Amino acid sequence: MSERALAEPVPPPAHRAPSPRSGFTVTQDWNTYTPDQHDIWRTLFHRQEAILRGRACDEFLAGVSALGVAADEIPDFRRLNDILNKATRWSIVAVPGLVPDAVFFEHLANRRFPSTCFIRRRDQLDYLQEPDIFHDIFGHVPMLMNPVFADYMQAYGQGGLKALGLGALHNLARLYWYTVEFGLIETPAGLRIYGSGIVSSKGESVYCLEDPRPNRIGFDLMRVMRTRYRIDDFQVTYVAIRSFDELFDATRPDFTPYYAELAREPDLEPGAVLPSDRVLHRGTPP
Ligand code: PHE
Ligand code: CO
């Protein structure tokens, strides 16, 4: 009998509907993953491990090793949380899928990262519209081991709650998209990836650095918050920061006047290139 069964007479949380009161959290029922599901994780992990060497930034790769996420099996959140908590005081909470914006921000503001538990099917290895456990855990959590990035994510959650109240979520969401999900970083060795939507995608990991088609531009906060993005295909523009400190410092001020200014300006198309953009060159293939 498990400790939980002894401690609580009520059904375990996984059997209860996720409630708004608990921030839509559920329990990761780790024992219910099938051997085939662990094998899907293994396939995804091995593929990305090979592709990301020389393409992902050092901070991401260091996070993967320090966390101990590995190829062998779908990670158990309890195990990851022991390590993550000690490193940066973040924790992973399980959610059934996308949660309302306010709930998502509330979690981040409290250093909790909401992660899905389900893994994609074998016929979805290359592409999935919604986040799954591979995207959420392999893609997002390694960067939360980095102290500066960890603080940025918390600040983003606080900023999200504020943006909701100011009706500026569309602007702030673009910042998340072009940094957390699809961000690149300039390094002495060339452009490298830190965005979770890229590191969890086989095709885009190569495309974002090596394909001649997409624009690659230097980070500019207001420029990013004006730029719409594509959700259904590889990005047409990637934004590169020079450092995580640059990103954190640029986002430190109160955004209230920024949102007012953005409301007076037109949005930019995803593929727009401006004279003021700092155009970056493709990385040297690893
Ligand atoms: N400083 C921002 C604000 O006042 C909050 C924020 C921090 C937003 C970090 C994004 C990232 O709204
Ligand atoms: Co994501």
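Both ligands and their constituent atoms are indexed starting at 1 by order of listing. For this chain, numbers begin at 1 and follow the sequence in order. Since we're looking at a predicted model, the values are computed, not measured.
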Colleague: Which is it for Y127 and E204 under the side chain to side chain donor-acceptor pair (under 3.5 Å) test, yes or no, and what are the steps along the way?
Modeller: CA-CA 10 Å; Y127 190 74; E204 197 152 6; over 6 Å; no
Colleague: Taking atom 9 (C) of ligand 1 as the point of reference, which of L172, L108, L166, T251 owns the nearest heavy atom?
Modeller: T251
Colleague: Quick check on the Co ion (ligand 2): does D136 put an N/O/S atom closer than 2.8 Å to it?
Modeller: no
Colleague: Does ligand 1 have any atom sitting under 4.0 Å from a heavy atom of Q158?
Modeller: no
Colleague: Quick one: are D254 and K162 in side-chain contact, heavy atoms under 4.5 Å?
Modeller: yes
Colleague: Which atoms of ligand 1 have any heavy atom of L175 under 4.0 Å away?
Modeller: 10 (C)
Colleague: So for ligand 1, is P253 a polar contact partner (N or O within less than 3.5 Å, distance only)?
Modeller: yes
Colleague: If you draw the axis of the six-membered ring of F234, does the NZ or CZ of R230 fall within 45° of it and under 6.0 Å from the ring centre?
Modeller: no
Colleague: Any nitrogen or oxygen of Y152, side chain or backbone, less than 3.5 Å from one on ligand 1?
Modeller: no
Colleague: With F244 as reference, evaluate Y152, F219, Y194, F60 under the ring-ring contact (aromatic ring centres under 6.0 Å, His included) test and give the passing residue.
Modeller: Y194
Colleague: Do R278 and D220 have side-chain heavy atoms sitting under 4.5 Å apart?
Modeller: no
Colleague: Calculate the angle formed at the Co ion (ligand 2) by NE2 in H135 and NE2 in H140; 10° precision is enough.
Modeller: 90°
Colleague: To check your reading of the model: name the closest protein heavy atom to atom 8 (C) of ligand 1, its residue, and the distance in Å.
Modeller: F255 CE2, 3.6 Å
Colleague: Relative to the Co ion (ligand 2), which of the N, O or S atoms in E181 is the closest?
Modeller: OE2
Colleague: Among protein heavy atoms, which sits nearest to atom 5 (C) of ligand 1, and what does the distance come to when rounded to 0.1 Å?
Modeller: G159 CA, 3.5 Å
Colleague: Evaluate the side-chain proximity of I133 to Q28: yes if any heavy-atom separation is below 4.5 Å, no if none is.
Modeller: yes
Colleague: What protein heavy atom sits nearest atom 4 (O) of ligand 1, and how far off is it?
Modeller: K162 NZ, 2.5 Å
Colleague: Can you confirm whether F24 sits close enough to P114 that some side-chain heavy atom of one is under 4.5 Å from a side-chain heavy atom of the other?
Modeller: no
